[in-house]
Amino acid sequence: MVKEDEEDFEEEEEEDYRVENRGNISTVFSVISSVLSGFVRNWACFRASEMLNVPSQSFPSVGSQQRVSPAGQSRNKVALKPGHSLLDWIRLAKSGRDLTGLRGRLIEVTEDELKKHNTRNDCWTCIRGMVYNVSAYMDFHPGGEAELMRAAGIDSTELFDQVHRWVNYESMLKECLVGRMAVKLSPAPQAQTEKTESTHVNGLSAPPPLRLEPLSAPLPAKDLRPRYDWFQTDATVNIVVYTKRKIPSSGCAVVDLQGDTLRVEMLLGKMSYLLYWRLSSEVQESVDVQAAHSVGKVQVCLRKSVKDKWTKVGQPLELHDTFTQCKDRGLFYRECVLVSKTEVTHDTQVLRLQLPPGSRMQVPVGRHVYLKASVQGTDVVKPYTPVDQTLIPPAQSSAEMGSDVHLMIKVYPDGVLTSHLANLPIGAALSVGGPEGSFTMRVLRDVTHLYMLAAGTGFTPMARLIRLALQDITSIRKTRLMFFNRQERDILWRSQLDDLCGKEERFAVECVLSEPADSWEGRRGRIDVCVLQNFLERPEHSKCLVCVCGPTGFTELAVQLVRQLDFSEEEIHCFQG
């Protein structure tokens with residue numbers, strides 16, 4: 001994990017925690033259950049009682065203080081004392097109070113030591129190799145003190161999983177972390193073959209074996225890996241990915257159902273999380289994707305061809321459940337259909353490509369895809385940055401997102417691929433690979449002034465960036481585009497840019513022509529220091545970002561000139577590919 005992705009996660013986790021636990025709710029479990037059930041209710045095909053991976057033992061467990069009514073009848077929850085709601089617990093956890101009794105130290109805990117802490121006021125428990133002091137949580141626990149005391153002084157992983165394994169206990173109890181369980185030494189160590197198969201509990205990867213280290217060795221601050229879970233009814237299979245960070249509203253999921261294989265990739269900054277199975281049984285070719293962006297959850301719904309119960313999602317394929325840098329992932333192509341062409345200028349079109357019914361591709365802002373076509377028996381591949389159907393399109397439903405890809409393509413008379421695309425009939429097939437790209441939301445953090453320098457079709461990555469800046473990033477006070485072209489007729493989406501300037505006071509565009517007609521009243525010439533000096537303002541207490549895209553010569557010169565104006569490397573981003 002690169003350092004900047006760790007920083008991204010650390011700053012976003014607290015906000016995720018607040019969002020995921022927001023509301024005046026008295027119990028942790030009702031929060032998690034309501035989030036899950038609300039997410040699930042969006043699918044008419046769900047029936048909670050038929051989910052395979054929900055424990056057969058109902059919640060709360062028989063005998064719990066929460067189950068005060070006879071079985072089968074409505075029940076009441078344990079009445080918590082005033083000032084002991086979920087929000088009160090969050091405030092206590094954030095107060096800086098020492099909830100472990102160890103003054104911030106993390107230790108290794110032996111089995112004998114764990115057993116000693118088994119009283120109401122000194123209660124430790126172990127979940128998945130980590131030990132927590134839950135004494136302070138006693139009065140906040142919705143199941144009551146007696147229920148929590150069942151876990152006192154023992155490894156309570158199995159007990160926890162029986163009734164509420166979906167609870168995000170890592171966040172709830174992170175301020176109560178004592179340390180990890182010590183590894184037992186075998187009296188006669190022997191060489192053993194390392195197991196390579198992955199073990200899961202309800203989709204959650206088992207932690208790696210603990211290694212002996214000095215007691216002073218620091219614990220990892222957080223588990224940055226996404227995880228997944230899955231549920232089913234007689235008619236559906238549903239995979240839920242927990243990314244553990246906020247995700248952009250444009251989405252980050254790439255799902256491909258091809259025959260009996262399912263590939264789910266999450267694009268998270270510079271990292272990629274991949275799930276890949278050969279499915280247990282046949283499913284219908286369509287797939288639905290739903291996302292809860294603020295809490296970073298994505299759900300994929302498959303419809304079974306035959307109503308039955310699956311014992312597992314399927315057979316894991318190569319690189320299943322891996323988390324690595326995007327640049328280390330191989331390209332994956334899916335066959336798309338050309339459904340329309342829309343003229344933008346005299347030599348530029350927007351091609352609308354429809355993905356297969358089993359594919360959904362949510363391309364993050366600033367990423368590009370690869371278009372592949374067979375031209376005279378040879379595969380020709382070229383990168384293009386997707387755009388929206390219009391500069392500021394109407395809101396789409398989550399079900400529609402990711403079913404089409406729009407590419408703005410300039411046709412060159414001597415271009416092998418673009419000439420082929422210009423003559424391609426509606427209904428023809430094209431392969432789309434990716435997405436890829438180095439742009440991440442991190443570069444926009446705390447930016448107040450966003451400047452864009454684009455030449456020709458270098459405008460394409462700027463189009464979605466403009467929409468993102470105006471609709472989703474409140475810190476950006478000014479968004480300005482300087483757009484370089486040869487002639488007035490070459491300006492892409494000219495009328496839409498002008499309309500946006502009239503409607504949005506935070507946005508401005510200035511067009512510069514190198515071969516203008518006499519009637520042109522705007523700026524003339526090419527990019528130089530004088531052109532940029534007045535454009536790239538740096539108000540006091542501002543944070544600026546300059547994005548550049550165009551032909552190679554333009555991009556190299558633009559970056560050189562921006563540096564001359566004392567902008568640092570961190571304040572410049574070049575779109576490439």
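Residue indices begin at 1 and follow the sequence shown.
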Original post:
Between Thr448 and Asp446, does any side-chain donor sit less than 3.5 Å from a side-chain acceptor?
Top reply: no
**OP:** May I ask you to check whether Thr322 and Arg329 show a side-chain donor-acceptor distance below 3.5 Å?
**Re:** yes
Got [X] and [Y] here, is their nearest side-chain heavy-atom distance under 4.5 Å?
X      : Y      : answer
Glu510 : Phe483 : no
Thr342 : His406 : no
Arg367 : Leu267 : yes
Val264 : Leu274 : no
Pro393 : Arg467 : yes
Pro316 : Tyr276 : no
Met408 : Thr348 : yes
Val287 : Cys301 : no

Salt bridge flag under 4.0 Å for residues [X] and [Y]:
X      : Y      : value
Asp490 : Lys410 : no
Asp499 : Lys503 : no
Glu571 : Arg538 : yes
Glu436 : Lys327 : no

**OP:** Examine Arg225 relative to Phe323 and say whether NZ or CZ is less than 6.0 Å from the centre of the six-membered ring and inside a 45° cone about the ring axis.
**Re:** no
Subject >> Ring-face cation contact, Tyr370 with Lys382, 6.0 Å cut, 45° max >> reply: no
Interatomic distance, [X] atom [atom1] to [Y] atom [atom2] [nearest 0.5 angstrom]:
X      : Y      : atom1 : atom2 : value
Leu545 : Ile572 : CG    : CD1   : 9.0 Å
Lys297 : Asp229 : NZ    : CG    : 10.0 Å
Thr311 : Lys309 : OG1   : NZ    : 12.0 Å
Cys544 : Leu450 : SG    : CG    : 9.5 Å
Leu262 : His320 : CG    : NE2   : 10.0 Å
Leu417 : Leu424 : CG    : CG    : 9.5 Å

Contacts of type salt bridge (charged side-chain N to carboxylate O under 4.0 Å, His left out), residue [X], not counting sequence neighbours:
X      : value
Asp256 : Arg334
Lys341 : none
Arg278 : Asp260
Arg263 : Glu265

Which heavy atom of [X] sits nearest to which heavy atom of [Y], and what is that distance?
X      : Y      : result
Ala291 : Ile247 : CB-CD1, 4.3 Å
Phe575 : Gly366 : CE2-CA, 3.7 Å
Leu453 : Met462 : O-CE, 3.7 Å
Val387 : Thr460 : CG1-O, 3.8 Å

Is there a donor-acceptor pair closer than 3.5 Å between any side-chain N or O of [X] and the backbone N or O of [Y]?
X      : Y      : result
Ser419 : Tyr412 : yes
Arg506 : Ile476 : yes
Gln362 : Gly251 : no
Ser280 : Lys312 : yes
Trp520 : Arg523 : yes
Ser359 : Leu355 : no

Original post:
Taking atom CZ of Arg526 as the centre, does the number of heavy atoms from other residues, nucleotides or ligands within less than 6.0 Å exceed 12?
Top reply: no
**OP:** Please check if atom CD in Glu282 has more than 12 non-hydrogen atoms from other residues, nucleotides or ligands closer than 6.0 Å.
**Re:** no
Original post:
Would Trp310 and Leu279 count as a side-chain contact (heavy atoms from CB on, under 4.5 Å) if you check the C-alpha gap in whole Å, the side-chain angles of each, and the deciding distance to 0.1 Å?
Top reply: CA-CA 10 Å; Trp310 292 13; Leu279 298 173; 4.3 Å; yes
**OP:** Please check if the distance between the ring centroids of Tyr242 and Tyr228 is under 6.0 Å.
**Re:** no
Original post:
Taking the six-membered ring for Trp, are His368 and Tyr384 ring centroids under 6.0 Å apart?
Top reply: no
Subject >> Candidate pair Asp288 and Ser286, rule side-chain hydrogen bond (donor to acceptor under 3.5 Å, both in side chains), full reasoning >> reply: CA-CA 7 Å; Asp288 291 317; Ser286 64; 5.8 Å; no
Subject >> ring-ring contact (aromatic ring centres under 6.0 Å, His included) pairs, two or more places apart, involving residues 553-572 >> reply: Phe484-Phe554
**OP:** Check the pair Glu515 / Arg524 against salt bridge (Lys or Arg N to Asp or Glu O under 4.0 Å), numbers first and verdict last.
**Re:** CA-CA 8 Å; Glu515 300 177 9; Arg524 301 163 180 254; over 6 Å; no
**OP:** Take Leu407 and Leu371, measure what side-chain contact (heavy atoms from CB on, under 4.5 Å) needs, and give me the verdict at the end.
**Re:** CA-CA 9 Å; Leu407 302 177; Leu371 196 57; 4.0 Å; yes
**OP:** Start with the C-alpha gap between Lys478 and Glu537, add the side-chain angles, then the distance that decides, and say whether salt bridge (Lys or Arg N to Asp or Glu O under 4.0 Å) holds.
**Re:** CA-CA 10 Å; Lys478 194 70 176 178; Glu537 300 173 349; over 6 Å; no
Original post:
So which of Asp234, Val237, Thr233, Thr236 actually passes side-chain contact (heavy atoms from CB on, under 4.5 Å) with Lys304?
Top reply: Val237
**OP:** Please lay out, stage by stage, how Leu317 and Trp277 fare under the test side-chain contact (heavy atoms from CB on, under 4.5 Å).
**Re:** CA-CA 5 Å; Leu317 299 178; Trp277 292 279; 5.7 Å; no
Subject >> For Gln376, side-chain hydrogen bond (donor to acceptor under 3.5 Å, both in side chains) partners two or more places apart >> reply: none
**OP:** Take Leu430 and Leu421, measure what side-chain contact (heavy atoms from CB on, under 4.5 Å) needs, and give me the verdict at the end.
**Re:** CA-CA 9 Å; Leu430 288 165; Leu421 295 175; 3.9 Å; yes
**OP:** Begin from the C-alpha positions of Ser431 and Glu335 and carry the test side-chain hydrogen bond (donor to acceptor under 3.5 Å, both in side chains) through to its verdict.
**Re:** CA-CA 5 Å; Ser431 293; Glu335 199 82 351; 2.8 Å; yes
